[in-house]
K.L.:
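Handing you a structure now.
All values below come from the heavy atoms of this structure, side chains included, with hydrogens, waters and symmetry mates left out. For ligands, and for the atoms within them, numbers begin at 1 and follow the listed sequence.
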Amino acid sequence: MLSKSQTFFASPELIRTPATLREVLGARRKQANTIGFVPTMGALHEGHKSLVRASRDECDVTVVSIFVNPTQFGPGEDFAAYPRTLQQDLELLKAAGAQFVFAPAKEDIYRRDHSTFIDVGPVAEPLEGRFRPTHFRGVATVVLKLLNLVSPDVAYFGQKDYQQTLVVRRMCEELDVPVQLRVCPIIREPNGLALSSRNAYLSAMDRERATAISRALSVARQLVRGDVRDAQVIESRMREVLTSAGITDIDYAVVAHPETLAPLDAIGGPAVALIAAKVGTTRLIDNEILTSPDP
Ligand code: AMP
């Protein structure tokens, strides 16, 4: 018997158009197969792979989308430079055991005069929403379109993009999207750096410097474990850890409510720490749950 990690998989089937996707998945649905879906922008790494594994463990069929979604990038952001590595991605997805890869052209997702966008409201407004004002309407719109195209039973997202998980959950609840959502843990390098496709932009020195982000989050967690409850004290310690590593371009380093993202003064219940900062010219985000909701 092969253990799961030793299993060899067939290459995933690459699907380029919504019409083929519907046809192929329609046939699977007729066989009563459950469908798991992992939306990505490609340049895949172990973080993405963990979502694929979660889907494979739970569903009969796993579909991964690879689409660098133009509407979630603001003017002056890295849409053109975003790494596109389809051949490597297909290799990784073969090893992870995905059966289908949906990699459409921009024109197959957005007609030239596309004009419908999803605005999720307050949970999309602070933090990323403040620094990337059109980001979440692009994310919500493409996620809804992809969910409509794939019609999965379960969709998998990473806690790495914490606010995104709240935005997608809210959208699915309020728009009655018939899908179950799973949020999977953040996969990190041994030095703590959260895996991200954007880490490819980092120089060796910046990569080392970027480890201060997860260190700052660990310090926040230790403070809370040590019964420090004052959010301001925790936030200034996080900033100190960042600045002493040479990370001074900090968009936010905050403690917030894990469901609303409202800033907290004191930690008396559930809390999450979130950081966004530029390391060199690369903007990175990371987060850590400080205290979970009571069971
Ligand atoms: P992206 O390709 O960056 O849009 O990410 C696709 C999905 O992978 C999102 O749900 C991300 O949150 C998730 N993801 C990205 N990095 C990680 C990571 N280090 N650990 C776990 N999930 C991740």
K.L.:
Counting only N and O atoms by type, is there a donor-acceptor contact under 3.5 Å from the side chain of Lys145 to the main-chain atoms of Ile109?
P.N.:
yes
K.L.:
Measure the shortest side-chain to side-chain distance between Tyr201 and Tyr82 over non-hydrogen atoms and say whether it is less than 4.5 angstrom.
P.N.:
yes
K.L.:
Would you check whether His48 has a nitrogen or oxygen atom less than 3.5 angstrom from a nitrogen or oxygen atom of ligand 1?
P.N.:
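Yes, His48 has an N/O under 3.5 Å of an N/O on ligand 1.
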K.L.:
Under 3.5 Å between some N or O of ligand 1 and some N or O of Ala194?
P.N.:
no
K.L.:
Quick one: does Arg188 get a heavy atom under 4.0 Å from ligand 1?
P.N.:
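Per 4.0 Å heavy-atom rule, Arg188 does not contact ligand 1.
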K.L.:
One residue to check: His45. Relative to ligand 1, which of side chain, backbone, both or neither has a non-hydrogen atom less than 4.0 Å away?
P.N.:
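It is the side chain that touches ligand 1; the backbone stays farther off.
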K.L.:
Starting from atom 20 (N) of ligand 1, what is the nearest protein heavy atom, named by residue and atom, and what distance separates them?
P.N.:
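Heavy-atom neighbour on the protein nearest atom 20 (N) of ligand 1: Ile187 N, 2.9 Å.
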K.L.:
Which atoms of ligand 1 have any heavy atom of Leu195 under 4.0 Å away?
P.N.:
16 (N), 17 (C), 18 (C), 19 (N)
K.L.:
Are any of the N/O atoms on Pro39, whether in the backbone or the side chain, positioned under 3.5 angstrom from an N/O atom of ligand 1?
P.N.:
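There is no such contact.
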K.L.:
Which protein non-hydrogen atom lies closest to atom 23 (C) of ligand 1, naming both residue and atom, and how far is it?
P.N.:
Lys160 CB, 4.0 Å
K.L.:
For Phe157, take its heavy atoms, then give the atoms of ligand 1 lying under 4.0 Å from any of them.
P.N.:
10 (O)
K.L.:
Between Thr248 and Thr243 (side chain of the first, backbone of the second, donor and acceptor by atom type, cut-off under 3.5 Å), is there such a pair?
P.N.:
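No: the side chain of Thr248 does not pair with the backbone of Thr243.
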K.L.:
Inspect the surroundings of CD in Gln232 and state if more than 12 heavy atoms from other residues, nucleotides or ligands are less than 6.0 Å away.
P.N.:
no
K.L.:
Give the single entry among Asp161, Asn69, Thr40 that approaches atom 12 (O) of ligand 1 most closely by any heavy atom.
P.N.:
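It is Asp161 that holds the nearest heavy atom.
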K.L.:
Check Arg169 with Glu174, please: is the shortest side-chain N to carboxylate O separation under 4.0 Å?
P.N.:
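No, no charged N to carboxylate O under 4.0 Å.
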K.L.:
My understanding is that only one of Pro152, Ser55, Pro12 makes a side chain to side chain contact (heavy atoms under 4.5 Å, CB included) with Thr62; could you say which?
P.N.:
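Exactly one candidate clears the test, Ser55.
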K.L.:
Under 4.0 Å from any heavy atom of Leu51, which atoms of ligand 1 are there?
P.N.:
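Reading through ligand 1 atom by atom, the close ones are 7 (C), 8 (O), 10 (O), 13 (C).
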K.L.:
For the side chain to side chain contact (heavy atoms under 4.5 Å, CB included) test, which of Leu93, Leu25, Val64, Leu14 pairs with Phe100?
P.N.:
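So, applying the side chain to side chain contact (heavy atoms under 4.5 Å, CB included) to Phe100 and each of Leu93, Leu25, Val64, Leu14, only Leu25 qualifies.
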K.L.:
Counting only heavy atoms closer than 4.0 Å, does ligand 1 sit against the backbone of Pro185, its side chain, both, or neither?
P.N.:
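For Pro185, only backbone atoms sit under 4.0 Å from ligand 1.
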K.L.:
Check this for me, if you would: do Asp251 and Lys278 make a salt bridge, where the nitrogen-to-carboxylate-oxygen distance has to be below 4.0 angstrom?
P.N.:
no
K.L.:
Need the ligand 1 atom indices (1-based, order shown) with element for anything under 4.0 Å from a heavy-atom of Gly158.
P.N.:
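With Gly158 as reference, the close atoms of ligand 1 come out as 9 (C), 10 (O), 11 (C), 12 (O), 13 (C), 22 (N).
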K.L.:
Against heavy atoms of Met41, which atoms of ligand 1 measure under 4.0 Å?
P.N.:
1 (P), 2 (O), 4 (O)
K.L.:
Just by distance, with hydrogens left out, do Thr34 and Asp60 show a side-chain donor and acceptor under 3.5 Å apart?
P.N.:
yes
